[in-house]
Amino acid sequence: MQLKSFTFNPFMENTYVLFDETKKAVVIDPGCHNKQERGELFDFIQSQGLVPVKLLNTHCHIDHVLGNAFIQNSYDIPLWYHKDEDPILKSVPAYAPNYGFPHFQESSADHFIADGEIIKFGNQQLKAILVPGHSPGHLVFYHEASKICIGGDTLFQGSIGRTDLPGGDADTLLNAIKERLFALPNDVVVFPGHGPETTIGVEKITNPFVGKNARF
Ligand SMILES: [Zn+2]
Ligand SMILES: [Zn+2]
């Protein structure tokens with residue numbers, strides 16, 4: 001499996017395209033918000049000859065869904081996310097103009113992903129793991145064969161997702177990271193929703209919020 005990342009929109013959100021030798025691809029959290037960013041994503045998919053088959057959201061805060069409608073309109077593929085993110089996505093149009101996105105286009109789920117569900121594309125399998133707390137239905141997508149985890153806004157290099165947004169809860173996030181993410185092997189590489197990748201093993205030791213010597 002191959003992974004391509006983009007960093008989009010003023011929130012510096014990481015958008016991921018996963019694909020394999022069959023050229024089938026999934027797009028995760030498309031944050032592209034203007035013509036240039038949409039073009040960058042579209043051109044990559046085109047240049048690689050990829051065929052997107054699913055659009056996945058780890059969670060539905062505005063920075064992760066700005067390009068949902070663009071991807072759905074471009075490729076006519078279903079949007080999948082956890083059902084507890086539905087009210088989060090439904091609330092975006094009301095606040096999008098205040099965040100500087102007056103032309104936000106709505107999108108909605110074609111399928112609700114369950115905790116533990118296996119998501120297939122090409123010859124690949126992703127396991128959806130519920131890691132709530134940053135938002136209520138936040139999923140991470142784990143590719144066991146290559147030990148890669150698309151982490152969204154759960155665990156960052158040296159940090160964790162904020163919990164002061166609607167539906168967020170600090171204790172829930174701390175417990176979910178420790179019980180669910182830290183159950184993955186130490187050498188799993190986490191590709192987060194913001195900033196550079198890290199590994200489970202490194203964060204278990206050094207993360208100031210959830211590591212061995214957590215300070216907060
Ligand atoms: Zn978020
Ligand atoms: Zn984010």
Side-chain angles (χ1 to χ4, degrees), residues 3-18 26-34 37-38 40-41 55-71 79-101 104-109 112-113 115 128-142 148-177 180-181 189-198 203 207 209-210 216:
L3 175 152
K4 170 72 177 175
S5 66
F6 303 84
T7 301
F8 287 147
N9 74 55
F11 297 96
M12 304 291 284
E13 184 268 351
N14 294 330
T15 294
Y16 295 100
V17 177
L18 307 182
V26 291
V27 179
I28 304 177
D29 291 358
C32 45
H33 83 297
N34 60 21
E37 291 179 353
R38 288 191 288 267
E40 195 183 329
L41 181 54
L55 170 57
L56 309 176
N57 288 153
T58 59
H59 69 299
C60 294
H61 288 148
I62 188 167
D63 49 325
H64 297 252
V65 303
L66 284 163
N68 270 6
F70 167 70
I71 292 296
L79 170 59
W80 290 20
Y81 53 77
H82 190 275
K83 68 172 166 39
D84 291 348
E85 290 300 305
D86 207 40
I88 305 295
L89 184 58
K90 295 274 175 356
S91 72
V92 172
Y95 73 80
N98 302 329
Y99 278 70
F101 307 104
F104 179 75
Q105 276 189 286
E106 289 187 48
S107 54
S108 61
F112 290 136
I113 305 168
D115 182 25
I129 303 170
L130 185 64
V131 184
H134 171 71
S135 66
H138 194 304
L139 295 168
V140 303
F141 301 116
Y142 177 44
I148 282 173
C149 182
I150 305 299
D153 293 354
T154 57
L155 182 68
F156 300 126
Q157 184 188 79
S159 189
I160 59 172
R162 56 191 284 186
T163 54
D164 56 335
L165 299 169
D169 183 78
D171 287 342
T172 301
L173 180 61
L174 294 171
N175 288 331
I177 291 172
R180 314 216 73 192
L181 272 184
V189 178
V190 178
F191 287 84
H194 304 268
E197 61 265 32
T198 185
E203 297 308 319
N207 190 287
F209 297 91
V210 284
F216 300 107

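In each ligand, atom 1 is the first atom listed, and ligand 1 is the first ligand listed. Please read all numbers here as calculations on a predicted model, not as lab measurements.
- When distances to the Zn ion (ligand 1) are checked against a cut-off of 2.8 Å, H134 contributes an N, O or S atom below that limit.
- Take the N/O/S atoms of H61: the one nearest the Zn ion (ligand 1) is ND1.
- Looking at H64 and the Zn ion (ligand 2) together, the shortest N, O or S contact belongs to NE2.
- Among the backbone and side-chain atoms of H138, none of the N, O or S atoms lies under 2.8 Å from the Zn ion (ligand 1).
- The Zn ion (ligand 2) has an N, O or S atom of H194 under 2.8 Å away, backbone or side chain.
- Side-chain contact of N14 with T7: a donor-acceptor pair under 3.5 Å is present, judged by distance alone.
- Residue-level check: among N/O/S atoms of H59, NE2 sits closest to the Zn ion (ligand 1).
- Using cut-offs of 30° and 60° for the angle between ring planes, the H64 and H194 rings count as perpendicular.
- The Zn ion (ligand 1) lies closest to atom OD2 when only the N/O/S atoms of D153 are considered.
- Here D63 fails the criterion, with no N, O or S atom under 2.8 Å of the Zn ion (ligand 1).
- A perpendicular orientation is assigned to the rings of H138 and H134, their planes being inclined by more than 60° (bins at 30° and 60°).
- For H33 and F8, the gap between ring centers reaches or exceeds 6.0 Å.
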